[in-house]
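To start, the structure under review is shown below, and the notes come after it.
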Amino acid sequence: MMQINFIPLDYGFFDWQGKNYIRIIGRDDKGKRVCIIDNFDPFLWAIFEKGVSDKKIKNIQKKIEKIEIKLPSRTTKVIKTEIYNKNFLGKSVKAIKIFITNYKDAHSVADKLGFKEIKARREYDLNIITKYITEKKLIPLSWHKISGEILNNSYEFGGIDSVLDIDLCIKVEKIEKNDDKKNEKFKPKILAFDIETDELELGRGEVLMISLVSDNFKKVLTCKKHSKKFNYVEYFKTEADMLEAFMKYVAKLSPDVLVGYFSDGFDVPYLKARAEKNKIKLALGLDKSQPSFFRGRIPKAKITGIVHIDLFRFIETVYSQYLQSETLGLNDVAYELLGEGKNKFEFKHSSKLKEHEWEAFFEYNLQDSVLAHKLAEKLWPDMVEFSRIIQEPLFEITRSSMSQLVEYYIIHGLSKYNEIAEKRPLNDKIKNRRQMGKYSGAFVFQPKPGLYKDIVMFDFTSMYASVIFTYNLSLSTFLEKKSSNALTVNLDKEKVYFSKKQGFFPLMLYDIIEKRKKYKKEYKQNPNPIAKARSNAYKLLANASYGYQGFFGARYYCREAAASTAALAKKNILETIDKVEKQKYKIIYSDTDSIAFLLGKRTKKQILDFLKKLNSELPGIMELELEDFYKRGLFVAKRTVKQGAKKKYALIDEKGKLKIRGFETVRRDWCKLVRNLQNNILKRILIDGDEKKALQILQKTIDDLKKRKISRKEIIIKTQLKKPISEYKSRTPHVIAAEKMKKRGTPVDVGMLIEYYIAETQGAKKLVREKVKLPDEKGQYNINYYLEHQILPAVENIFEVFGINKEDLFNKEQKKLHEF
DNA sequence: GACTGAACTATACC
DNA sequence: ACGGGTATAGTTCAGTC
C-alpha cells in the first residue's frame, strides 16, 4: 500500500476482462507522472411508477438482475441492483440502480427495461467519465490523496503499467480530498506546437515543418531545408523522420498539455493523415496510441495521457464575447490578449521559396507556437477554474459549448439534491422544440436623438439568473395546471404556472450568483488571476443559464421557464423605469437590464440613496447597481424613419473613457476609413461637445477621398461567408467576391472573412455587385459609392442631431461647409 | 426600365 | 444543432406600373 498526493489531468477508461475500469493520468506533488486505475461499476436508473408495491418491485428487481447483453465480442451482465428513494424533476420516486459490467451496453440494457411499472429509464446516456466523477468525486485539477497498490510490470489489466510511459502506476483503494493543498498552485508543463504545409486540404501535401515551444525550449523540425541561421531548426531527410522526431520530442518533454490553435480542425488530423501516408503510426499517446477523433462540428482530437487543448475552441465559446478583435484567428486574438501578433509572411508553394524566404518561414512557424504557448499560460487559470467548478476534465471543458458547460455543471450538482439526471432529448423532440415559435424577450427603450449631458446608468446584476431564482422558474418547478399557492406568469398568449417549492435548478443559480459576488469582491480586494478566473466562470454560468433553459438541445429545456424569465425581467425593469420617472428623472435609454437617465440637478449622493430605496423594493434577490456616471452621451435617429435608433449610442465617462455601442465604428463589415472617421467624429463630439471640429474632420476625409488619396487598405470591406456559396439565395457583393476568389484558385471556406472593394466601372452598372473587385485587383475605388454608401450613412445621423443635414454635408460648396 | 416593398444577409446589443 | 430574443441596415429580388 502506498499513498500519494495526486492532481488528475486526463481521464479515460478501458475494458479488462469484459469490465470497465477508469484510468486517470496526472502528477504527484513531486512532479512525477502518475497513472491511477480505479474500479468503477457503472450504472443506470429505472424509475418506478407511483404506487407500485414493494413486492412487485422485488419481482422486477429479480428479472432485471438476469438481464444479459450478448455480443460477439463481449457479454454485459448486471452486477447488482439497489432500490433507492430518489428525486426526479423535484418529485420523490422509487428507483432501482442497475450496476452493469460494461457501460457501452447501457443503452441496450435500458431497452430491456420495458416493464409497465417502470415509467422512465435514465442516466444511460451520460458519458462514463462524467458518471465516474459524480460518484467518486475525483475532481479534475484538484489535489487528492490516493491510496492503493503499486503496479510494477504486473500482468494485471493486461500489463497496462508497462505500456504507459509513466513514473508510477497505482491501483486505487481510496480517494480522499486533500484540503491541505487546496490552494497550492499546480504549474503544468505546456508544450505548444504548430505545423506548416503546402496544401490546406487534410493530408494532401507534405508537412513542411513543425514547431515546438515550451519553457526554455524552441524547435522547428523540418524535412525541407538546412538552416545555418537558426540553431533551433533541425533538419530531417524525410517527412517520416521528421514525424518520428516530433513524437520523440513530445515524449522526451513529457508535457501535461499539448496546445495548438485550431489543432483539432487542422494540425492533429493533418499529422495523422501524413503519418498514414508514410506508413508510420502517430504514436503521441503515453501508451503509444494514435490520437483518436470524436465526432462533432469540428472533430475532437484526444491523445491518451496528454491533454490536447485546441485554444481556438476554448476562446470561441468562453472568451470571444469579451474580445473585440475582428476574427478569432491567432493573429487577432494574440494581438488583443498579448499585444503581439503573428509574423508577416507571404505564402508561396514551398517549391518556389528562396533561401531567405525559408528562413522567414521557419521564424513564422516558430512564432505561431510561441503565441500559442503564451496564450495557454495566460488562459490557464480560466481553464483550471472552469474545470474545477464544472467538475469536468480539461479536455471536455475546453471543447464544450456554453449549453454543455451549464449542463455539466447541473449534472455534477445533482447529487446534492438526490436527483436522477434527465435524459438528452431525442431527434424528434428536438425537432418539435425547434418548431416552436419565438417568445417575447427584452424591453428596449426608444431613445430620443440628441447629445445629453450628465447621465446616470443603473443595471441589474445577473438579471435573468436572479429572476430565475427569485421566481423559481425551471423544468422541475413548472406546473401543467394551476394549483393553490402557485405562481402565475402571463405570457403572450397563455398563462403558465410554477410551484413555490424550491427547485434545484434555481437553487444552483442562487449558488452561482453568490459565488460570483464573493469572488468579484475578493478580486477587488486582492486582484489576482485566480479570483478573476473564478468570478468570470461563475458570471458566464449565470449568464448562460437563461439561454440554456430555452435551448432545444437541453436536458432541462423548459420553454415556459425561459419565456417567463424574459417576461418577469421585463415586468421588473418597466416597473423600475416607472419609479425612476415618478421621481422626476428623465429616462433616456434602457435595454434589457439597464436604465439610463439624466442626473439633472440631483447630486451623486442622492442618486445612491435612490438606488438603495429602489433595491429595498425589488423582489427576492434581484439587485440594481450603479453602472457608471457619464459626462456626455449621443443618441442618433434611424436611417429609415425619423425616430431614435435603439442599440446605437456613444457615451463618455468621467475619466474620458468612451463606450460606443452599435455604431458602424464597432461593426467589422464597414471599411476602416469609415470606422475610423466615425470614431474620430464621435470622440470630438463627446470630449468637448464640439460638432464643428467634427465637421472639419469629415471635410478633410471627403477631400482626401475625392483626391484619391485614400489607400486601398482603408476602403476594403470585409464580410463573413456564413454558408457555402451555392446556398446563397441572394447574390450579394461578398458572395461575388468569394466567387472571384474561387475562380482564381484561392481557397474559399465557410466562416472566412471575404475582402473586397467597390471600384469605378465602365458603363452604367447599377448593382453594387457589378463593381466588386478583390483587394489586389487593379482598379480605382468608386468615389461616389464610398461617399454615398459608406461615409454618408455613417455620419449623417450624427450631424443631424446638431441640425446639420445631408445637403449641408455634401451638396453645398466647400466654402459653405467651412462656415459651420 | 424605373420604382417599391419584401426577402435575404450580416452584425451588433444585452 | 450545439444559449435566447431585439434591433439596425445594406443589397438584391420580384412584382408593379
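So you know, we letter chains A, B, ... as the sequences are listed, proteins then strands, and number each from 1.
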**OP:** Assign A:Arg661 to base, sugar-phosphate, or nothing according to its heavy-atom contacts below 4.0 angstrom with the strands shown.
**Re:** sugar-phosphate
Original post:
Should A:Tyr589 be listed as having a side-chain N or O under 4.0 Å from OP1 or OP2 of C:dA7?
Top reply: no
Subject >> Nearest-Å distance for atom pair CD1/P, residues A:Ile791 and C:dG10 >> reply: 14 Å
**OP:** Assign A:Gln720 to base, sugar-phosphate, or nothing according to its heavy-atom contacts below 4.0 angstrom with the strands shown.
**Re:** sugar-phosphate
Original post:
When we call it a touch if two heavy atoms are under 4.0 Å apart, what does A:Gly550 touch: a base, just sugar-phosphate, or nothing?
Top reply: sugar-phosphate
Original post:
Looking just at side-chain N and O atoms, do A:Arg675 and A:Thr665 make a donor-acceptor pair shorter than 3.5 Å?
Top reply: no
Subject >> Distance in angstrom units between A:Glu316 CD and C:dC2 P, rounded >> reply: 11 Å
**OP:** Mind running side-chain contact (heavy atoms from CB on, under 4.5 Å) on A:Leu491 and A:Val496 for me, showing each step along the way?
**Re:** CA-CA 7 Å; A:Leu491 298 182; A:Val496 293; 3.8 Å; yes
**OP:** Please report, rounded to the nearest Å, how far the P atom of C:dG10 is from the OH atom of A:Tyr786.
**Re:** 15 Å
**OP:** Determine, stepwise, if the pair A:Tyr557 / A:Lys429 fulfils side-chain contact (heavy atoms from CB on, under 4.5 Å).
**Re:** CA-CA 11 Å; A:Tyr557 170 82; A:Lys429 202 159 201 176; over 6 Å; no
**OP:** Figure out the CG/P separation between A:Leu473 and C:dG4, and round it to whole Å.
**Re:** 18 Å
Original post:
Would A:Glu627 and A:Lys659 pass as an ion pair if we require N to O under 4.0 Å?
Top reply: yes
**OP:** Using a heavy-atom cut-off of under 4.0 Å over every strand shown, decide if A:Lys723 touches base, sugar-phosphate, or nothing.
**Re:** sugar-phosphate
**OP:** For A:Tyr785, answer base if it contacts any base atom (sugar-phosphate contacts may also be present), sugar-phosphate if it contacts only those atoms, and nothing otherwise; contact means non-hydrogen atoms under 4.0 Å.
**Re:** sugar-phosphate
Original post:
C:dA1 P sits how many Å from A:Arg399 CZ, rounded?
Top reply: 22 Å
Subject >> Heavy-atom side-chain proximity of A:Arg661 to A:Val666 below 4.5 angstrom >> reply: no
**OP:** Name the nucleic acid region contacted by A:Val406, choosing base, sugar-phosphate or nothing; use a 4.0 angstrom heavy-atom cut-off, strictly under.
**Re:** nothing
Subject >> Residue-phosphate contact under 4.0 Å: A:Arg295 side-chain N/O, C:dC2 OP1/OP2 >> reply: no
**OP:** Kindly determine whether A:Val318 and A:Leu405 satisfy side-chain contact (heavy atoms from CB on, under 4.5 Å), including the steps that lead there.
**Re:** CA-CA 10 Å; A:Val318 168; A:Leu405 292 178; 4.1 Å; yes
Original post:
CG of A:Asp591 to CZ of A:Phe445: how many Å apart, nearest 0.5 Å?
Top reply: 12.0 Å
Original post:
Is any side-chain N or O of A:His789 closer than 4.0 Å to OP1 or OP2 of C:dT11?
Top reply: yes
Original post:
CG of A:Leu767 versus C1' of C:dT11: gap in Å, rounded?
Top reply: 8 Å
Original post:
Does A:Lys648 make a side-chain N or O approach to OP1 or OP2 of C:dA9 shorter than 4.0 Å?
Top reply: yes
Subject >> Spatial distance of atom CD1 (A:Ile715) from atom OH (A:Tyr757) [nearest 0.5 Å] >> reply: 6.5 Å
Subject >> A:Glu770 vs A:Asn797, nearer the 5' end of DNA chain C by closest nucleotide >> reply: A:Asn797
Original post:
Just by modelled atom types, is the A:Glu422 backbone N or O under 3.5 Å from a matching donor or acceptor in the A:Tyr556 side chain?
Top reply: yes
**OP:** Considering just the side-chain nitrogens and oxygens of A:Lys638, establish if one lies under 4.0 Å of OP1 or OP2 belonging to C:dT8.
**Re:** yes
Subject >> Selection: residues 434-446 of chain A, any non-hydrogen atom under 4.0 Å of DNA chain C >> reply: A:Arg434, A:Lys438, A:Tyr439, A:Ser440, A:Gly441, A:Ala442, A:Val444
Subject >> Interatomic spacing from CD in A:Gln790 to CD in A:Glu664 - rounded to 0.5 Å >> reply: 9.0 Å
Subject >> Nucleotide C:dA1, atom C1' - distance to OH of A:Tyr548 in whole Å >> reply: 14 Å
Original post:
Hey, does the side chain of A:Ser401 come within less than 4.0 Å of C:dG3's phosphate (OP1/OP2), counting only N and O?
Top reply: yes
Original post:
Taking CG from A:Asn427 and C1' from C:dC2, how many angstroms apart are they, rounded to a whole number?
Top reply: 13 Å
Original post:
Between atom OH of A:Tyr408 and atom CD of A:Gln391, what is the distance when rounded to the nearest 0.5 Å?
Top reply: 13.0 Å
Subject >> Span of DNA chain B, from the first to the last nucleotide whose atoms fall under 4.0 Å of chain A heavy atoms >> reply: B:dC8 to B:dC14
